[in-house]
Protein chains: 2
Amino acid sequence: MTKRVTLADLADQTGLNISTVSRALSRPDRVSNETRRLVEKVASQLGYETNVAARNLSRGTTDTILVLASSFSGQAISPIFTGILLGVCEEAKALGLNVMLRQYLAQPISASDVIRYLQAGVADSVLLVATEQWLPAADRGPDQEMLPIVSIFNDLTTAGLTSVMTQEGDGYVAIVDHLVERGHRHFAFVSGPAGSGHEHTRYNAVKNRLSTLGLGKKLIRLEGGPFDMASGTKAAQAFLALKKRPTAVICCSDGLALGFMHTILGSGLRVPEDVAIAGYDGMDYTAFTSPALTTVIQPTLEIGRVAVQVLADIHNGRITTPRLVALAPTFVVRQST
Amino acid sequence: MTKRVTLADLADQTGLNISTVSRALSRPDRVSNETRRLVEKVASQLGYETNVAARNLSRGTTDTILVLASSFSGQAISPIFTGILLGVCEEAKALGLNVMLRQYLAQPISASDVIRYLQAGVADSVLLVATEQWLPAADRGPDQEMLPIVSIFNDLTTAGLTSVMTQEGDGYVAIVDHLVERGHRHFAFVSGPAGSGHEHTRYNAVKNRLSTLGLGKKLIRLEGGPFDMASGTKAAQAFLALKKRPTAVICCSDGLALGFMHTILGSGLRVPEDVAIAGYDGMDYTAFTSPALTTVIQPTLEIGRVAVQVLADIHNGRITTPRLVALAPTFVVRQST
DNA sequence: CTGTTAGCGCATTCAA
DNA sequence: TTGAATGCGCTAACAG
């Protein structure tokens, strides 16, 4: 890497002052056309690249977003994570921002951790992905200054964080309506991890919709556990042991649905003839299982993009108060129902 | 975020000099126990966090790894990417390094791009994930200084880059042997994207193994395309149109295998009775499809970890010449064969 | 529109 | 072991 080319070198070469060169590069409009062109020419000639550490130190900002992924290893979020991350990266690139990634496995993330990062100048803003637990900073008084932090996938508005996620209720309402229309009257809900906010929201959506339709008592709940496939098989075994089995099974995730269906099919039952199964998330594979899974597609890419936009809005003061941004999911009917 | 606490503040509070405070924090052993303890106490009291921009500028390093993901959106690498990224993050955390992420969709990455990042001080080293094309810097003479760049998943040693990947041949040899042992004598290989290095390597591994077993002429090739499921269905249609169909199908990825199997099952053929199908990659879902897919599991997490270790080794001069690090995959037999 | 002057916060010489 | 001084490379006031 030969040696480092600095503004001073460009100043020497062009005969201009360092500050002029700096301006020509960062604020081309505040400089004469002539010097701008000269500087640009010499800069590319010498292969000048502005040193980010120096820029950051001088400006006091970093132009980077820190992504804190909670259960990024757990099967829970992992498959969805890719889409979100892609959206985040794309939007960040569009806005000229960097993306820094850090994982927090199974540990709760506390506000003070995040504030520490912010303070250290690691990043200007933080994206919390799939963070169930958020411990607000105890020592922060009511100084209403809003932190540049956005939660993805979990509604943390009550903790003062703007959140971006899918309108989950809508998806489950669509599933219920579809199954009822297909003639189903007995339902099972395969639950996600106990205590999960998603779990809670989703189960309630199903429950409430069924109640509205006068079928509130026709729903049982099967314990799944984590959002993964193995938990789905466990729930399926419980299902098979039932004396009177529901005809329609609504799962808290595609992973659960796949594991569930695998076991059901293995037992000799037919899907959807004997049991209709619906998933949730919209994983790629759902369209290619046999039978293909009915599911609800989450707009992961869009969620990632929007989260970054929201962060930018907070950063430049266009958003000053916590809010919930909920995007619409897409319901797709396939062979499993 | 109240205001920024700096070394100067600690110096004031402790009555020590800034440089002493700095030393106490970064080189505790070069300072008396007394001052060390004093500084630590006051630092935590005031909530001091060292400013990374300043440290980076002063030291001339960044302690961060830049991850450049190539086709990270394409279905190709995406599912595997999660595992790798997790491994990278874990190891990076263990070594006290940051991870910065950037995507390069469908664009070839050139050495000069990477060198630019390095020069700008965005990162100290670079991890290329799934980079098929690598254009060496034309202007770099034979200055044998090795760049802190590692390629993951693609063997770029010929271009002078140390590479970390799976020993792909082994996996396909295992598949072939298994199928032959099961009595199969006619094979099809569902290919990945044309021109892909993986595609080439994998097909050859199959071809060569069959030749060794005297079955070299019993292999046909079905064009798949990208590593995704849709391409698998396309290949399956071609397969179904064949007059004389092979009894065993070896796919270039799990996605292809899933799409292929979906279509095959939909046509009324049975798996594995009529057609045996094997995938490659070890995606989670393969264990829960019906029938479950025989496949080869890539040690993605391990690959990520090792790549970071290798980067560290290059960085501190323990590795000075390009090499290929190939990890062993795991073959798993399931219902589809 | 351009040059001068000061820092940004820290690490690291060199003396003491 | 500690203190004083210098510089990392760039940006941003402030004059001119």
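To find a chain, count down the sequence lines: A is the first, B the second, and so on, and within it residues start at 1. Owing to the predicted nature of the structure, the values given are computational and were not obtained by experimental measurement. All values below were derived from every heavy atom in this structure, side-chain atoms included, with hydrogens, water molecules and symmetry-related copies excluded.
Between Q103(A) and K93(B), the closest heavy-atom pair is O-NZ, 3.0 Å. Considering all non-hydrogen atoms of both residues, A123(A) and I65(A) come closest at CB-C, 4.2 Å. Pairing each heavy atom of Y117(B) with each of R102(B), the nearest pair is CE2-NH1, 3.1 Å.
Rounded to an integer number of Å, the gap from L10(B) CG to dA11(C) C1' is 15 Å. Summarising the geometry, the separation between CG on L25(A) and P on dG9(D) is reported as 16 Å, rounded to the nearest angstrom. Atom CG in L38(A) sits roughly 15 Å away from atom C1' in dC1(C) (whole-Å rounding). Note: CG (D12(A)) to P (dC10(D)) measures 13 Å, nearest angstrom. To the nearest angstrom, P of dC8(C) lies 17 Å from CD of Q119(A). Distance I18(A) CD1 to dG9(D) P: 11 Å, rounded to the nearest Å. Taking atom CZ of residue R36(A) and atom P of nucleotide dT2(C), one finds them 11 Å apart after rounding to whole Å. The nearest whole Å value for the distance from the CZ atom in R30(A) to the C1' atom in dG3(C) is 17 Å.
R27(A) comes within 4.0 angstrom of sugar-phosphate atoms only, judged by non-hydrogen atoms across all strands, and of no base.
Not one side-chain nitrogen or oxygen of T6(A) sits closer than 4.0 Å to the OP1 or OP2 atom of dG9(D). Taking side-chain N and O atoms only, S32(B) has no distance below 4.0 Å to OP1 or OP2 of dT1(D).
Here the rule is side chain to side chain contact (heavy atoms under 4.5 Å, CB included) with V21(A), and of I18(A), L25(A), N17(A) only L25(A) fits it. Among T131(A), I149(A), I152(A), D155(A), the one residue that satisfies the side chain to side chain contact (heavy atoms under 4.5 Å, CB included) test with S163(A) is D155(A). When each of T61(A), T62(A), N56(A) is paired with D124(A), the side chain to side chain donor-acceptor pair (under 3.5 Å) condition holds for T62(A) and for no other.
One donor-acceptor pair, N or O on each side, does fall under 3.5 Å between the base of dT4(C) and the side chain of S19(A).
The side chain of R4(B) approaches dG9(C) more closely than any other nucleotide in the set dG9(C), dC10(D), dT2(D). Of the candidates dC10(C), dT2(C), dT12(C), dT12(C) carries the atom nearest the R23(B) side chain, counting heavy atoms from C-beta on.
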Side chain to side chain contact (heavy atoms under 4.5 Å, CB included) between V306(A) and Q309(A): does it pass, once the steps are laid out? CA-CA 5 Å; V306(A) 169; Q309(A) 290 164 3; 4.2 Å; yes
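DNA chain D lies under 4.0 Å from at least one heavy atom of each of the following residues of residues 49-66 of chain A: T50(A), N51(A), A54(A), R55(A), S58(A), R59(A).
Toward the 5′ end of DNA chain D lies the nearest nucleotide of T35(B), the other residue of the pair N17(A) and T35(B) mapping further downstream.
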